[in-house]
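We count ligands from 1, going down the list as the structure has it; atoms in each ligand are counted the same way. Hydrogens, waters and symmetry mates play no part in the numbers below; they use all other heavy atoms, side chains included. Everything quoted here is computed from the prediction, not taken from an experiment.
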Amino acid sequence: MYDYLVVGSGLYGAVFAHEAKKAGKSVLVIDKRANIAGNVYTEEVEGINVHKYGAHIFHTNNKEVWDYVNQFAEFNRFTNSPVANYKGELYSLPFNMYTFNKMWGVVTPEEAAAKIEEQRKEITGEPKNLEEQAISLVGRDIYEKLIKGYTEKQWGRDCKELPSFIIKRLPVRLTFDNNYFNALYQGIPVGGYTQMVANMLEGIEVRLNTDYLANKAELDALAEKVVYTGAIDAYFEFKLGTLEYRSVKFENELLDKPNFQGNAAVNYTDRETPWTRIIEHKWFEFGKDKNGNDLPKTVISREYSSEWKPGDEPYYPVNDEKNGALYAEYKKLAETEKNVIFGGRLGEYKYYDMDTVIAAALELCRKELY
Ligand code: UDP
């Protein structure tokens with residue numbers, strides 16, 4: 001009998017498993033996929049660590065979390081500076097003086113601020129949705145060219161129907177600073193995320209290709225307690241209805257050239273281009289292999305966003321009112337499952353970043369283990 005069965009070997013599960021083992025508990029980790037690391041999984045192709053489930057750039061202001069992950073990997077100095085491509089016009093992201101200069105020809109921060117001020121006037125009162133929030137942050141021009149199309153493709157919903165907090169993830173700066181994140185610490189683990197998670201799980205029994213929900217009774221019998229990081233509605237056999245998720249499909253291509261787009265991420269912000277962005281993985285590690293040599297080839301991934309349906313991988317919870325209310329009902333049910341802890345992006349139906357999911361797992365460890 002194990003003390004804990006951890007369902008899912010993504011960051012939440014791996015952190016909990018690592019800490020439980022350290023605290024002297026016996027732990028079994030299972031995952032339905034053929035690999036560990038959940039959606040941070042990376043796979044080496046031609047010397048390039050390919051982010052198989054989408055780009056993951058580690059960033060945090062939380063020193064505890066930063067020190068925590070640095071136990072398992074060395075981080076490089078990668079800084080995320082995506083470029084937006086709107087019908088062939090290129091803009092710097094996040095919204096900063098380079099963006100404002102290209103959009104309006106303004107040169108000084110005062111001129112940029114005045115332009116935004118003039119355009120945000122159309123929103124009076126507290127922004128009620130993502131569209132109003134975006135216009136009130138950066139004005140209509142930027143909303144139309146850099147936000148509306150991208151957001152509607154990513155979420156498959158009108159910007160008026162989306163919650164405003166999504167856009168508050170993006171900084172707006174009156175400085176020439178293309179760093180996408182407002183974070184003290186940022187980087188990519190050298191050697192890839194899979195290696196980092198493998199280091200977390202060192203010495204812990206892991207069973208892959210093991211579907212928990214399909215073999216629940218049998219697997220539950222193996223442990224005192226379960227830490228479940230899968231989708232909460234699936235756990236309860238969707239009995240209150242299905243929560244909505246966004247899924248992402250990737251079209252990966254290995255190209256026989258050294259440089260496709262000159263940047264790790266290019267967002268296609270118009271409505272017509274069917275993909276949301278193209279990731280060129282080698283630039284997460286400056287185009288070098290592990291020995292510091294220039295890589296002759298490149299791997300790109302086009303990302304297509306879609307509504308989740310059974311059989312797809314869920315990526316993003318759709319945190320609107322309807323889903324929030326349904327999640328609250330599932331959460332009540334979860335609280336009645338005495339020996340099961342629900343955690344992570346899918347277990348808590350929450351748009352966690354990597355650092356916040358690690359912080360949440362460490363918080364659980366404090367309550368549960370020490
Ligand atoms: N966003 C946008 N234009 C961009 C990039 C992002 O309008 O070029 C908006 C969009 O609404 C998106 C949100 O900002 O859902 C958050 O983007 P982020 O890059 O943080 O999302 P993630 O990397 O988690 O997919």
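Those atoms of ligand 1 that come under 4.0 Å of a heavy atom in Arg277, given as number and element, are 23 (O), 25 (O). Shown in contact with Ile147 at under 4.0 Å from a heavy atom are these atoms of ligand 1, numbered in order with element: 7 (O). Taking every heavy atom of Leu146 and a limit of under 4.0 angstrom, the matching atoms of ligand 1 come to 2 (C), 3 (N), 4 (C), 7 (O), 8 (O). Atoms of ligand 1 lying under 4.0 Å from at least one heavy atom of Asn267, given by number and element, are 4 (C), 5 (C), 8 (O). Those atoms of ligand 1 with a heavy atom of Trp155 less than 4.0 angstrom away are 15 (O). Atoms of ligand 1 lying under 4.0 Å from any heavy atom of Leu93, numbered from 1 in the order shown and given with element: 8 (O).
Figure legend: Lys52 and Tyr41 shown without cation-pi pairing, the cationic atom not lying both under 6.0 angstrom from the six-membered ring centre and within 45 degrees of its axis. Arg77 forms a cation-pi arrangement with Phe286, by the criterion of a distance under 6.0 Å to the ring centre and an angle within 45° of the ring axis.
Atom 13 (C) of ligand 1 has its closest protein heavy atom at Ile166 CG2, 3.7 Å. Considering only non-hydrogen protein atoms, atom 16 (C) of ligand 1 sits nearest to Arg169 NE, 3.8 Å. For atom 12 (C) of ligand 1, the closest non-hydrogen atom of the protein is Gln154 OE1, 3.3 Å. With respect to atom 17 (O) of ligand 1, the closest heavy atom belonging to the protein is Tyr180 OH, 3.6 Å. For atom 9 (C) of ligand 1, the nearest protein heavy atom (residue, atom name, distance) is Ile167 CD1, 3.6 Å. Protein heavy atom in closest approach to atom 11 (O) of ligand 1: Thr151 OG1, 2.7 Å.
The distance criterion of under 3.5 Å between nitrogen or oxygen atoms is not met by Tyr150 with respect to ligand 1. Residue Thr269 places no N or O, backbone or side chain, under 3.5 Å from any N or O of ligand 1. For Leu170, no nitrogen or oxygen atom sits less than 3.5 Å from a nitrogen or oxygen atom of ligand 1, counting backbone and side chain alike.
Ring-plane geometry between Phe75 and Trp66 is classed as tilted, the angle between the planes lying from 30 to 60 degrees on a 0 to 90 degree scale. By the 30° and 60° cut-offs, the orientation of the rings of Trp308 relative to Tyr245 is perpendicular.
Side-chain N or O atoms of His51 include none that pairs as donor or acceptor with a backbone N or O of His281 at under 3.5 Å.
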* Asked: What's the verdict on side chain to side chain contact (heavy atoms under 4.5 Å, CB included) for Thr336 and Lys332, showing C-alpha distance, side-chain angles and the deciding distance?
  -> CA-CA 7 Å; Thr336 66; Lys332 280 189 212 148; over 6 Å; no
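Nearest-heavy-atom check against atom 21 (O) of ligand 1 across Tyr91, Tyr315, Tyr316, Tyr351 picks out Tyr351.
Between Phe342 and Phe236, the gap from one ring centroid to the other is short of 6.0 Å.
Using a 4.0 angstrom heavy-atom cutoff, Lys148 does not count as in contact with ligand 1.
Across all their heavy atoms, Val318 and Trp155 have their closest contact at CA-CZ3, 4.3 Å. Nearest heavy atoms, Ala14 versus Val197: CB-CG1, 3.9 Å.
The environment of CD in Glu202 is sparse: at most 12 heavy-atom neighbours from other residues, nucleotides or ligands sit within 6.0 Å. Around the NZ atom of Lys102, the shell of radius 6.0 Å holds more than 12 heavy atoms that belong to other residues, nucleotides or ligands.
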